[in-house]
Structure formats: structure tokens, C-alpha cells
Amino acid sequence: MPGLLRARLTDAVRLGTVTTFHLRHGAEVADALRVGRPVVALESTIVSHGLPQPDNLRVAREIEQTVRDAGAVPATIGMVAGQLVVGLDDAELTRLATVDDVAKLSVRDLAVAAATGADGATTVAATSAVAAAAGIRVFATGGLGGVHREAAQSFDESADLTTLARTPIAVVCAGVKSILDSGATLERLETLGVGVVGYRTRRFPGFYLTDGGFDLDWSVDSPEQVAGALAAQEQHGLHSGGLVVANPLPTDEQLDPALHDRTLAEGLALLRREGITGKAVTPFLLAHFHSATEGASLAVNIRIILRNADLAARIAVASAARQA
Ligand code: PSU
Ligand code: MN
């Protein structure tokens with residue numbers, strides 16, 4: 001099948017490896033891509049490592065339904081028994097949401113995980129790389145990874161940032177969590193040439209909080225304007241990196257700022273006390289928020305993801321309409 005072969009070769013090039021990935025499209029996603037219907041990529045790390053069981057599976061299905069309700073086809077991306085899937089079916093989604101040893105896969109992990117037949121959830125970095133290779137230009141997630149506090153000592157900066165520097169995709173998110181250093185993350189995005197636009201705002205959102213404390217240069221008012229930016233980027237051919245579309249929660253839906261600040265301080269202290277480092281940091285802090293706020297942060301987290309899924313779908317619909 002020439003289509004499949006092309007996808008595999010493109011993957012190998014984009015992922016910077018000579019591995020032939022067994023990339024498989026879900027049937028609905030394959031059809032949609034063939035006829036130019038709007039498709040939205042979704043990540044699986046939030047499902048396997050970001051949200052607690054059993055809410056994670058229910059939310060994963062709700063995210064997909066939200067994309068459908070807005071007129072696009074959801075393509076949740078993950079790895080099942082070493083096979084990269086673009087558009088997990090319900091059994092595969094269930095597996096990644098419930099099985100215990102699902103690996104957290106960034107881009108650098110994909111080849112080894114494929115070779116060893118692992119089950120894995122893809123981060124923003126890995127999902128972006130796979131989605132772009134599959135021809136998907138819009139991706140919805142909760143929060144972007146970024147520069148961690150104390151990165152000056154720990155060097156902990158998410159590969160989400162460097163991957164977006166070379167991956168042409170619009171990532172709809174609610175900024176970065178306050179567990180990260182928002183200012184440093186924005187500086188790195190600038191250096192790396194990743195565009196950042198606020199959706200109906202000029203303030204960079206702080207995930208659980210509407211306002212993360214930093215100004216943005218650009219704001220867009222409609223899904224059509226984001227679609228226009230993606231089209232212009234393609235026409236100019238001057239920039240092949242990603243675009244962060246920062247979509248804040250309305251202030252009346254954010255986490256109570258006092259509860260937030262308290263929980264964050266506790267979480268950071270626990271992190272130090274327990275010596276948690278590396279890729280375990282983000283899941284640890286998320287789990288701390290969910291238990292310490294007795295579910296309040298979980299409800300906010302779910303709202304964020306569903307709102308981003310809706311906006312991403314409307315951007316994908318607007319992009320498809322331009323091409324029709
Ligand atoms: N933000 C969230 N929930 C998450 C993540 C980010 O609100 O689960 C996940 C995403 O998959 C993101 C990853 O790509 O955490 C970043 O991890 P790290 O900091 O280890 O790069
Ligand atoms: Mn990290």
C-alpha cells in the first residue's frame with residue numbers, strides 16, 4: 001500500500017531514526033485523512049499518567065466525544081505492544097488507561113519501545129512528532145511540558161519544547177502548569193522559534209489558573225485565525241516549527257488561587273523530600289494536586305482538556321474548510 005509506505009518513510013525521517021515504525025491508523029482516522037476531513041490528535045500520557053483511575057478512561061472517551069461533537073475525528077495516539085497507533089480504538093484506549101506498566105514515551109523512547117514490544121503512552125513531544133508525520137496539524141492537550149523550577153540546577157526542561165521547535169503542529173493547551181517556571185518556558189519557546197498565541201487573551205494561562213502572570217505578544221479571536229496562521233506558515237515555508245495556542249479557563253472555573261498556592265508549595269517540598277526527579281516529576285505533582293485538593297484540581301483539569309479538545313476541533317474544521 002503506497003500510502004502506508006509513505007507514512008513509514010516520513011516517520012523514520014521526522015523521528016530522526018532509521019527504525020521502520022509499524023505505524024497503524026485507526027480505520028476512521030485513515031478515511032478522514034484520505035478525504036481531507038478534519039482530524040485532531042490527542043495524547044495518551046494524560047490518560048495513563050496524568051489522570052487517576054478510573055476517571056482517566058471515562059475522560060479519555062469524553063475528550064474524543066467532544067472532538068466529534070465539534071465536527072472533527074479524534075486520533076488518540078499511543079503505542080500498543082510496540083506498534084504506534086494513530087487513532088486508538090476503544091479496546092486499545094482501555095488497555096492504556098488500565099494496564100499497570102504503560103511506559104511514558106517521549107520522542108527518544110519511541111524506537112526502543114517499538115523494538116521491545118512495549119505498551120506506551122505518548123507525551124506532547126511524542127504525540128506531536130507522530131501526528132505531524134501522519135499529516136495531522138492540530139493537537140489538543142491539557143498543559144504543555146516546560147522548564148521546571150530549579151532547572152538552572154537540575155537541567156529539567158521538557159522535550160516538548162525542543163520537539164515543537166521542529167514539528168509543524170498547532171498545540172491547543174492551557175499554557176503550562178504552575179509547577180513549572182512559566183517565564184523561563186516562554187523564553188525557551190522564543191529561542192526555539194515556537195509561536196505562542198493567546199486565544200482571546202494576551203496573558204499566558206497558568207493551567208489551573210486563568211492567568212499565569214506573563215504577557216503574550218499575540219492574541220487570536222477565532223478558530224479561523226488560527227487556521228489562517230497555519231496556512232500562512234505552510235505557504236511561506238519559512239518556519240517549520242509548532243504553534244502553541246494558549247486557551248485559558250474562564251476565571252470562575254479556575255482552581256481557587258489560595259488552595260492552588262498552598263498545594264503547590266506542599267508538592268514541591270514533597271518532591272524534594274522524596275527525591276523525585278526526571279520523568280516522574282510531572283505525574284507525581286499532578287497526583288499530589290489531585291489528592292491534596294480532594295478532586296478539585298481533577299475537575300479543573302478535566303474542564304481544561306475538554307475545552308481544549310473543543311477549540312482544537314473547531315480549528316481543524318476551519319483548516320479543512322480552507323482547503324475544500
Ligand atoms: N500536563 C498535564 N498533564 C500531563 C502532562 C502535562 O497537565 O499529563 C504530560 C504531557 O504528556 C506532557 C508531559 O508532554 O506530561 C511532560 O512531561 P515531562 O515534564 O516529563 O516532559
Ligand atoms: Mn523532565
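First listed ligand is number 1; within each ligand, the first listed atom is number 1. What you see is a predicted model, and the numbers here were worked out from it, not measured in a lab.
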Nearest 0.5 Å, what's the CG-CG distance between Leu161 and Leu192? 6.5 Å

Please determine, by modelled atom types, if Ser178 and His260 share a side-chain donor-acceptor pair under 3.5 angstrom. yes

Are Thr122 and Ser44 close enough that a side-chain donor and a side-chain acceptor fall under 3.5 Å? yes

Kindly write out the residues that satisfy side-chain contact (heavy atoms from CB on, under 4.5 Å) with Ala97, not counting sequence neighbours, or none if the list is empty. Val47, Asn56, Leu57

Side chain to side chain, Val40 and Phe139, heavy atoms closer than 4.5 Å: no

Ignoring waters, protein N/O/S atoms under 2.8 Å from the Mn ion (ligand 2) are Asp156 OD1

Working to the nearest 0.5 angstrom, can you tell me the gap between Arg137 CZ and Thr167 OG1? 9.5 Å

For the atom pair CD (Glu43) and OG1 (Thr127), what is the distance rounded to the nearest 0.5 Å? 5.0 Å

Give a yes or no on whether the backbone of Pro248 and the side-chain of Arg307 come within a donor-acceptor separation of less than 3.5 Å. yes

Show the distances, to 0.1 Å, for all pairs joining an N/O atom of ligand 1 and a protein N/O atom that are shorter than 3.5 Å, listing one pair per line.
from: ligand 1; atom 1: 1 (N); to: Gly143; atom 2: O; distance (Å): 3.1
from: ligand 1; atom 1: 1 (N); to: Lys177; atom 2: NZ; distance (Å): 2.6
from: ligand 1; atom 1: 7 (O); to: Lys177; atom 2: NZ; distance (Å): 2.8
from: ligand 1; atom 1: 11 (O); to: Glu43; atom 2: OE1; distance (Å): 2.6
from: ligand 1; atom 1: 11 (O); to: Glu43; atom 2: OE2; distance (Å): 3.4
from: ligand 1; atom 1: 14 (O); to: Val124; atom 2: N; distance (Å): 2.8
from: ligand 1; atom 1: 14 (O); to: Asp160; atom 2: OD1; distance (Å): 3.2
from: ligand 1; atom 1: 14 (O); to: Asp160; atom 2: OD2; distance (Å): 2.8
from: ligand 1; atom 1: 17 (O); to: Lys104; atom 2: NZ; distance (Å): 3.2
from: ligand 1; atom 1: 19 (O); to: His148; atom 2: NE2; distance (Å): 3.4
from: ligand 1; atom 1: 19 (O); to: Thr282; atom 2: OG1; distance (Å): 2.9
from: ligand 1; atom 1: 20 (O); to: Lys104; atom 2: NZ; distance (Å): 2.8
from: ligand 1; atom 1: 21 (O); to: Ser158; atom 2: OG; distance (Å): 2.7

Just list the side-chain donor-acceptor pairs under 3.5 Å for residues 273-283, sequence neighbours left out, or say none.
from: Lys279; atom 1: NZ; to: Lys104; atom 2: O; distance (Å): 2.9

